[in-house]
Structures are given as C-alpha cells and as structure tokens.
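Proteins come first, then strands; the chains are lettered A, B, ... in the order of their sequence lines, and each starts at number 1.
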2 protein chains.
Amino acid sequence: MNNKQLKLADLAKLAGVSTSTVSRALNDNPLIKKETRDKLKQLAKQHNFSLNTAASRLRSQKTNVVAVIINFDSGTEQSINDPFLLKVVGEINLALNKQGLELLLSNSFMAGDDWANYFINSRRADGIIVVGQGKDPANIEAAANAGVPLVVWGDPKTPSNYPIVGSDNFVGGRLATEHLLAGGAKNIVFLGDPGHAEIGERYRGYLAALNTANAIANVVSIDITSSAAYHGINQLLVAKGLCFDGIMACSDMVALGAMKALKERYISIPNDVALVGFDDIAMADVSHPSLSSIKQNTQRASVLLVEKLLAQLQGQSAKSQVVEIELINRQSSKR
Amino acid sequence: MNNKQLKLADLAKLAGVSTSTVSRALNDNPLIKKETRDKLKQLAKQHNFSLNTAASRLRSQKTNVVAVIINFDSGTEQSINDPFLLKVVGEINLALNKQGLELLLSNSFMAGDDWANYFINSRRADGIIVVGQGKDPANIEAAANAGVPLVVWGDPKTPSNYPIVGSDNFVGGRLATEHLLAGGAKNIVFLGDPGHAEIGERYRGYLAALNTANAIANVVSIDITSSAAYHGINQLLVAKGLCFDGIMACSDMVALGAMKALKERYISIPNDVALVGFDDIAMADVSHPSLSSIKQNTQRASVLLVEKLLAQLQGQSAKSQVVEIELINRQSSKR
DNA sequence: TTGAAAGCGCTAACAA
DNA sequence: TTGTTAGCGCTTTCAA
C-alpha cells in the first residue's frame, strides 16, 4: 500500500484529464470515449485506486446497499440459527451481488423499531429485505407506510401494502397432507403454530386436505424448533399413546425433532407413523430415514425479491408473488 | 414521512443552536451538557431525524462497518449453506452489534481477489473478518500485508502475520480419538481432508492419540460435505467391508453423511462403529442416535475476533488465540 | 467528447 | 459549554 491514499483528483492529475472525466470513466459512462475509459480504468487498477464510497454516496444520494433483516420472533429460539432462514439469506446475498448490490446484515434487535429511520433516512441502505413475517407485522407495515422500499419473504397471501414473495404454503400444506393420506394415514397430526402467517396457511392446506378425505384434524401447537417438537410429540405419546399415524410438520427442523422422539420409542417410520416436513433443508436428505419434505424454491424467490425491490427503487410498484413448491418424496413417508 | 428530509442544519435551526452542538449531542459527546444532549436527541426522534451516514463517514473517515467474508473453497460445496459457518456469522453479527458495528456480508466471490481495495480503500468497511482459512491463504496474506485490519476464524496455530482465532483443533482431534479408543475402538477412520488447515490439525491430533495407543491410522480424504462423506464411507465398505470400528469425522455434516451410509447397511452405531463429529451443530442433538461431537465455542471466538479487530483499528497489534473446546458425549459413541 | 465548479451533509479544529 | 467555518472526495450541471 502506498504511503498516501490516492483520490480521484490525484488520478486525474496523473492522467492529465479532469476529475469529471475520471469519474465518468470509472462509472462506465458512455459519454466518455471507450478508449479513454479503458485507459483510465487501467490506470486506476495500476495505482490500486478505488472510489471512496462514502463520498459518492453522499453526492449521489444512493448507496447500492440493501439491508437484510432477519425478523425472527423474539422469545422463540427460531432465529439466526435456523438453517432455512440462513439459506434464504445466502441466496439473497447471491441475488443482490448479481445486481451489484451489497448486503448489510441486521437483526431486528440492532435496528430497533424504526427501520425507516435507521436504514433509510440515515442512508445506510436504499431498501430493505425482510426475511420472515414474524407474528407481528406492525414494524413492517410502519416502514412500508413511511414509504420505505421494502420487500418481504413470507406468505404472499397475507394482505399487505408491501410485496411479499414466498411459497404457496396452502398448496404445500395440502400436498403434504394428501401425500400422507394417500399413503394410508388416517390420523394426521399438524405439528406447528398456526398463529404464524406462513404456518397458518400450511395449516389451512392441511385442513382442506383432511376435509376432502373426511379425516379429523389434530394440532400440536409448538414453537418452530426441533426441541419443542421433540417435547411436544413426547408429551402427546405419554398423554394419549400412539394416537396418530402421520405427522405433517411445519418445518424440517420440527420434523426431525419429532422423528427423534418417535425413534427413541421404537415407533417405526414410516410404518407406524409417516412424516413430512417443510423446507427441504440439507439434513432432510441426510437423516435416516430420509425425510420427505416440501421444497421451497428459495433461489427463485430471492431473485424475485431483489427484482421487486429494484422496481420500487425505480418508482414502480410491485405485487406479492408466489413461487413454485414441490413435494420431495423420501423414506419417511413411503409405504 | 415528511415531504422533505431533515438535515442536521434544519434540526439545529429548529432547536436554536449550532450544527456542531447538534452533531455533538447526537454523537453523545460529553462536551455537551447532558440536559442539552437529551433535549436534542428527543427533538431528533420527534422529527424522525437520522444522521446521514454517508456524510459522517466521508467527514470522519470511519464507517463503523465490518466486512465479513465467507471464504469457502471454490469447487467445494461447503459454503454459504454450511450450518456451522452460518452459525459463526450469526455470532459475529451479535458481537459486532454489541460494539455498535454493522456487518457487511460478502462472499469471496463478490470481493474478488483484491480485498484491500474493494473494502478498505473504497471505505466500504473499516476492517475485515474472514470466516474460514480456505486451502489457500494467499489472498488473506496479501490483504494483511497491504495493511488491512483483518482477523480470521481458523486454526490459530497456523503461522501468520494476522491474528487467527479458533479452536484448539489439535486437542479436539485428540480428544475425539481418545474417546473412541477408550470406548474400545481399534480401527478408527479419519474422515476429512487433512490438506485443509483446521482439519489438518484435527488430523494431527488424531494421529497423536493413535500413536499413544499404538493404533493404525486410516484416512478417507473427502470434501467437507455430507454427501461426500456418504459416498466415501459407502465406497470404503464396498471395497474393504467393515474394516473399521470407529470414525472421527472432521465435521458434523460429514459425520451425519457417514451415519446415513452406516444405517442403510444396518451397521449399528455405536456398537459396530462408534462415531464422533466436530462442531456440535443443532442437528447433532436431533439425529438418532444423537451424535457425539467436539463443541467449538463460537460465541467466545466471535467476541475475540471483534476485540482483536478493534485493537487493530486502534493501532494496537493482536495475536492469534485459541478458544476452549469440549467433547459432547452422546449416543453415537457410547458403549 | 471533455472541463470547471458547485455542493451533497456532516465533523472537528479553532475560537469564544 | 457552545458557535463558526473549512473541507472530507465525489458527481453532475452547465458550458465549451
């Protein structure tokens, strides 16, 4: 590294042109002759020069940064450690990078309640991607109402004044349940908290499938963690014995917790109890028996989230959108 | 949102004080009387005012941003989807937030080769935390040599001109292997690639333990993924039959892949083959049998990483440091 | 196709 | 304890 950090003006002097020319060249402005542009870019590289982003952000009123907020429910352990949420963050990172945008990672705790202020007024970011609706959409709504460019990963069917991208959770819940029914299950437990937006839709899909088959619903409402699932199923077994032959779990982590409880009691999967999860995380394939699951297309969703955010940044409006969903049939539900 | 975005000068006018007073008050400068400070802060809140970070960064030459780079090996699938790396990122996020720092997430792909330039010269961040040494430390070294404030999660024993924080991988490998030996295992396979810095240390710990016990080493070198482990163990079984009675896996994901291969062939865990993983990810507890593992203290490590980075930012130097490690004994290795 | 110059909003040195 | 003021490094309008 040189003794002194170069600035735009220095580079301009070196090249014998004006600062505006260098600025334009480095920003690929077609006003500048291609030849000049290339020459200046090369000079910049040679001298290890980089534009000062603070200065350009100040001047251009644009950051090219997107804040990503992991909006987990406080009081629950589902959080920064949830493999699925993290996978989504990873995919969003890729999608943003492809558009030349950077990712400022945040949890709702850091940003406080006033996202609009914290991220946007302060020019930390141009827009926000919220991962997870949480139980209480008040913060999101407030930000959207304040005019913040904002998109959400969640259940697209939720009425909202901001675009939500996510899976068709209703269909997912229905598919999983129909699959269990087709395998011969008669008493299918729904394992998860229907009060949560996305899970609520999955639950309604479950109910719809049961209804068609004249089967009876049975909910074990738990937090979205594997240990809650483990304890939930254990308690159910202790209280009522093996009163079910199928489980539709609201997530794979939950399904795996349930699986553990079953295996410990030598309840055979899928023979005694068939099991379907949701998310298709890496572990679904590795577990034994491997876990059937509803696969969400997080990659496609991430691209859409970024597209819709960009649309808003350009003053266009964007609508909620559903992405495809798919049943991955593995051992835990084969008959 | 108001029709016009307030700036510091507007707020100063509203309050009837100078801009410097407001600036100092909002930055909690003790020069300003506490009473005035509180009054101005409240006024700011009332008017939904936030300092323009671009402007303050430009002026103060400081971003309060730390770039976190996930430095996975290209060509390998271990990456943004690895639960352990992501857990580390999550912990780092928390540790940074506690110091009022923000986290710019990046993968090595986005930043390109010239980190110093991309993050530091461009004033995107004040410093860098690299998660994972990767197989080739050249990039990191170059950045460190260029004077970039930099810390790395990795193997602290690696000779380096930058501080590395991580577990005592040697002891971890030794502990795991000794535990398997104590359980009666005679032929323990090391499952992982010793060419990777951290894993290499684990391997040497494994060798040390074997050596003391006069046992023979047997390495199955694979990528750090569960599917590679699954195939690796399958191949070994096909080629040589059940020629081992213990596996020391270089990560939990790898251990779980191996476990799946064993279960599919009805090889009993831990009776026929005992198994210890590394990392203690959430799945270790959920799997069946539950997976014994070496737990790394990622929380402590994250705090240290941030501390050492801050030290460098303040012109002090910082040394590599080892964090404690612990064997979590579960079913996969009980006798 | 390029240059001159103003100014983005803040902080901190200096003055009071 | 507070105010005045210069200037951080860039982009962009206007002029040539």
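- Look at CD1 on B:Ile32: it is 5 Å from P on D:dT2, rounded to the nearest Å.
- A heavy atom lying under 4.0 Å from DNA chain C marks the following residues of residues 10-19 of chain A, by number: A:Val17, A:Ser18, A:Thr19.
- Backbone-only contact: B:Ser56 has heavy atoms under 4.0 Å from sugar-phosphate atoms and none from a base.
- Per the geometry, NZ belonging to A:Lys34 stands 18 Å off C1' belonging to C:dT2, to the nearest Å.
- Rounded to a whole Å, the NZ atom of A:Lys62 is 18 Å from the P atom of D:dC10.
- When heavy atoms are screened at a 4.0 angstrom cut-off, B:Thr36 is found touching the sugar-phosphate backbone but no base atom.
- Surrounding CD of B:Gln299 are at most 12 heavy atoms belonging to other residues, nucleotides or ligands under 6.0 Å away.
- Under the side chain to side chain contact (heavy atoms under 4.5 Å, CB included) rule, A:Val165 has a single partner from A:Asp155, A:Leu304, A:Val303, A:Ile129, which is A:Leu304.
- Taking side-chain N and O atoms only, A:Gln61 has a distance below 4.0 Å to OP1 or OP2 of C:dG9.
- B:Ile140 and B:Gln133 make their closest contact through CD1-O, 4.0 Å (heavy atoms, listed as atom of the first residue, atom of the second, distance).
- Summarising the local packing, CD of A:Glu35 is surrounded by 12 or fewer heavy atoms from other residues, nucleotides or ligands at distances under 6.0 Å.
- Side-chain contact of B:Glu91 with B:Ser302: a donor-acceptor pair under 3.5 Å is absent, judged by distance alone.
- In this structure, the CG atom of B:Leu51 is 11 Å from the P atom of C:dA12, given to the nearest Å.
- B:Thr21 and B:Ser18 share a side-chain donor-acceptor pair at under 3.5 Å.
- Regarding B:Leu31, its CG atom lies at a distance of 11 Å from the C1' atom of C:dA12, rounded to whole Å.
- Rounding to whole angstrom units, CG of residue A:Leu58 and P of D:dT11 are separated by 11 Å.
- Of the side-chain N and O atoms in A:Thr21, one or more sit less than 4.0 angstrom from OP1 or OP2 of C:dG3.
- Enclosure of atom CD in A:Gln42 is not indicated, since only 12 or fewer non-hydrogen atoms of other residues, nucleotides or ligands lie within 6.0 angstrom.
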Q.
The test is side chain to side chain contact (heavy atoms under 4.5 Å, CB included); show your working for A:Asp126 and A:Lys62 and say whether it passes.
A. CA-CA 7 Å; A:Asp126 297 332; A:Lys62 207 165 163 307; 3.9 Å; yes
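- Spacing between atom CZ of A:Arg57 and atom C1' of C:dC10 amounts to 16 Å, rounded to whole angstrom units.
- Considering only the side chain of A:Lys7, D:dG9 comes nearest among C:dA12, C:dT2, D:dG9.
- Rounded to a whole Å, the CG atom of B:Asn29 is 11 Å from the P atom of D:dT2.
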Short heteroatom pairs, N/O only, protein and nucleotides 13-16 of chain C, under 3.5 Å:
from, atom 1, to, atom 2, distance (Å)
C:dA13, N6, B:Arg24, NH2, 2.9

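- OP1 or OP2 of D:dT11 lies within a sub-4.0 Å distance of a side-chain N or O belonging to A:Asn27.
- Closest to the B:Ala55 side chain, of the nucleotides D:dG9, C:dC10, D:dT1, is C:dC10.
- A salt bridge is defined here as a Lys NZ or Arg NE, NH1 or NH2 lying under 4.0 Å from an Asp or Glu carboxylate O, and B:Asp114 with A:Lys45 fails to meet this definition.
- Distance from the side chain of A:Leu8 is smallest for D:dT11 among the nucleotides D:dG3, D:dT11, C:dG9.
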Indicate every side-chain donor-acceptor pair of residues 7-14 of chain A with a distance under 3.5 Å to a residue at least two apart or in another chain.
from, atom 1, to, atom 2, distance (Å)
A:Asp10, OD2, A:Lys7, N, 3.0

